[in-house]
Amino acid sequence: EEGRERAGALPEKSSPGREPVLCLRGQRNAGLSQALNARDRTQRVVPPPLAEVIGGERSPMALSRLLEGRSNDERQAAVSSYLTARGVPFARHPFQSGEGSGENFTVELGSGRRVLLLIAHHDAVPGSPGANDNAAAVGILLTLLERLAVSVPTGLRVRLLFTAAEERGYLGARKYARGANLAELAGVLSLELCGIGDTLAIWDAVDQTPFLGRVRDRKSTRLKSRH
């Protein structure tokens, strides 16, 4: 499944001036999306039992059903339940602020000194089933988890980060970035809107970096090989 990615290195730790801007942008976007969802007359998604999904097929599409159609609290709990049921060691990173609260989850794979950070937020705009944004991306990371567990790139540590409250001004990602060791990062890919088909868009990557160049070159090579 192809999709959209935010690529590059993590930005500088948030400055006091950026925090209100991100908060207001998150509130504006969430409010607009909620208004549009309220006008949507499409039949609401009824999520399947969680145990059925956890014990079923482990493809990105199948695993997106862990979250699709559930409330944000249920989505957060579903990621935790899946990792626990699959016996995957993971760390919890709860946070709370005046803007909101939530819980991030991280999974570490490999033992290299440099870290490739792969991110997918697990929340959705209230009123939306949150399938494309962002259950599909979570399903991809959960599928990659099992593949990478048996074949981690040499000399590299892969960290999967599932963030909360992205729709409220990137709260989970901001919380993580404030405490992260940015020097250890080889690169960052934050997956978004991965259920739209064979399309790739890269945004929020202002400066060209060696890592971003490799991402683009690899994608270009894959696309050429299909034609």
Side-chain angles (χ1 to χ4, degrees), residues 1-5 30 33-34 37-38 40-96 100-110 117-152 158-168 170-173 175-176 189-197:
E1 231 177 312
E2 308 297 336
R4 299 188 179 185
E5 303 162 339
S33 297
Q34 282 182 270
N37 289 332
D40 184 6
R41 301 307 179 198
T42 305
Q43 186 175 357
R44 296 304 179 193
V45 174
V46 178
L50 198 58
E52 177 183 308
V53 182
I54 292 175
E57 181 186 350
R58 295 200 293 278
S59 68
M61 183 173 291
L63 290 177
S64 70
R65 297 166 69 230
L66 276 171
L67 309 187
E68 184 183 4
R70 304 186 199 276
S71 71
N72 282 336
D73 285 344
E74 291 171 335
R75 292 164 76 95
Q76 182 171 280
V79 175
S80 172
S81 296
Y82 180 85
L83 295 174
T84 299
R86 302 303 305 170
V88 177
F90 69 100
R92 299 174 179 270
H93 308 277
F95 61 88
Q96 188 164 6
S101 61
E103 190 168 31
N104 298 335
F105 308 108
T106 54
V107 178
E108 300 281 334
L109 301 167
L117 182 62
L118 304 178
I119 310 172
H121 70 86
H122 54 65
D123 64 308
V125 174
S128 165
N132 188 34
D133 185 14
N134 200 33
V138 171
I140 288 172
L141 286 197
L142 292 177
T143 303
L144 280 176
L145 190 161
E146 297 196 15
R147 297 181 184 179
L148 290 171
V150 296
S151 181
V152 179
V158 178
R159 178 176 301 145
L160 306 185
L161 170 62
F162 302 91
T163 60
E166 190 268 357
E167 304 293 357
R168 303 192 64 180
Y170 313 107
L171 283 185
K175 173 64 176 177
Y176 175 83
L189 287 176
S190 180
L191 281 74
E192 281 268 3
L193 308 178
C194 294
I196 59 175

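Side chains are part of it too, since the values below use all heavy atoms of this structure and drop only hydrogens, waters and symmetry mates.
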- [ ] Measure across A62 and E57 and return the closest heavy-atom pair with its distance rounded to 0.1 Å.
- [x] CB-O, 3.4 Å
Task: Student check: side-chain heavy atoms of E166 and L171 closer than 4.5 Å - done: no
Open item on the list: For the CZ atom of R159 and the CG atom of L109, what is their distance to the nearest 0.5 Å?
Closed with: 10.5 Å
TODO: State, with a plain yes or no, whether a side-chain heavy atom of S81 is found less than 4.5 Å away from one of L50.
DONE: yes
TODO: Specify the closest pair of heavy atoms between L67 and H122, including all atoms of both residues, with the distance to one decimal.
DONE: CD1-O, 3.9 Å
TODO: Provide the closest heavy-atom pair for G195 versus N132 in the form atom of the first, atom of the second, distance.
DONE: N-OD1, 2.8 Å
TODO: For I140 and C194, work out which heavy atoms get closest and say how close.
DONE: CD1-CB, 3.6 Å
Open item on the list: Closer than 3.5 angstrom, by distance alone: can the side chain of N134 be matched with the main-chain N or O of D123 as a donor-acceptor pair?
Closed with: no
- [ ] Report yes if the side chains of F90 and T84 come closer than 4.5 Å at any heavy-atom pair, otherwise no.
- [x] yes
Open item on the list: Are L118 and L161 packed together at the side-chain level, in the sense that at least one heavy-atom pair is separated by less than 4.5 angstrom?
Closed with: no
TODO: Could you tell me whether a side-chain N or O of E52 sits under 3.5 Å from a main-chain N or O of P49, the two making a donor and an acceptor?
DONE: no
TODO: Could you pull out the closest heavy-atom pair between I54 and A85, with the gap in Å?
DONE: CG2-CB, 3.6 Å
- [ ] Could you check if a side-chain atom of H93 sits within less than 4.5 angstrom of a side-chain atom of F162, using non-hydrogen atoms only?
- [x] no
Open item on the list: Keeping N104 on the side-chain end and A173 on the backbone end, is there a donor-acceptor pair under 3.5 Å?
Closed with: no
Open item on the list: Quick check: do L142 and L66 have side-chain heavy atoms less than 4.5 Å from each other?
Closed with: yes
TODO: List in chain and number order the residues that pass side chain to side chain contact (heavy atoms under 4.5 Å, CB included) with S101, two or more places apart in sequence or in another chain; answer none if no residue qualifies.
DONE: Q96
Open item on the list: Working note: F105 + R92, criterion side chain to side chain contact (heavy atoms under 4.5 Å, CB included); need CA distance, chi angles, decisive distance, verdict.
Closed with: CA-CA 5 Å; F105 308 108; R92 299 174 179 270; 3.8 Å; yes
- [ ] With the side chain counted from C-beta on, respond yes when H121 and V138 share a heavy-atom pair under 4.5 Å apart, and no when they do not.
- [x] no
- [ ] Calculate, to the nearest 0.5 Å, the distance between atoms CD1 and OG1 belonging to I119 and T163 respectively.
- [x] 6.5 Å
TODO: Flag the pair L117 / L160 as yes when at least one side-chain heavy-atom distance between them is below 4.5 Å, and no otherwise.
DONE: no
Open item on the list: Can you see whether R58 engages T143 through a side-chain donor-acceptor pair at a distance of less than 3.5 angstrom?
Closed with: no
- [ ] Report the distance from atom OH of Y82 to atom CG of L145, rounding to the nearest 0.5 Å.
- [x] 7.5 Å
- [ ] Return yes if some donor-acceptor pair links the side-chain N/O of R75 with the main-chain N/O of G130 below 3.5 Å, else return no.
- [x] yes
Task: Partners passing side chain to side chain contact (heavy atoms under 4.5 Å, CB included) against V45 (at least two apart in sequence or in another chain) - done: E68, P129
Open item on the list: Using modelled atom types and a 3.5 Å cut-off, is there a donor and acceptor pairing between side-chain atoms of R65 and backbone atoms of M61?
Closed with: no
Open item on the list: To check you understand the geometry: which heavy-atom pair defines the closest contact between A164 and G102, and what is its length?
Closed with: CB-CA, 4.0 Å
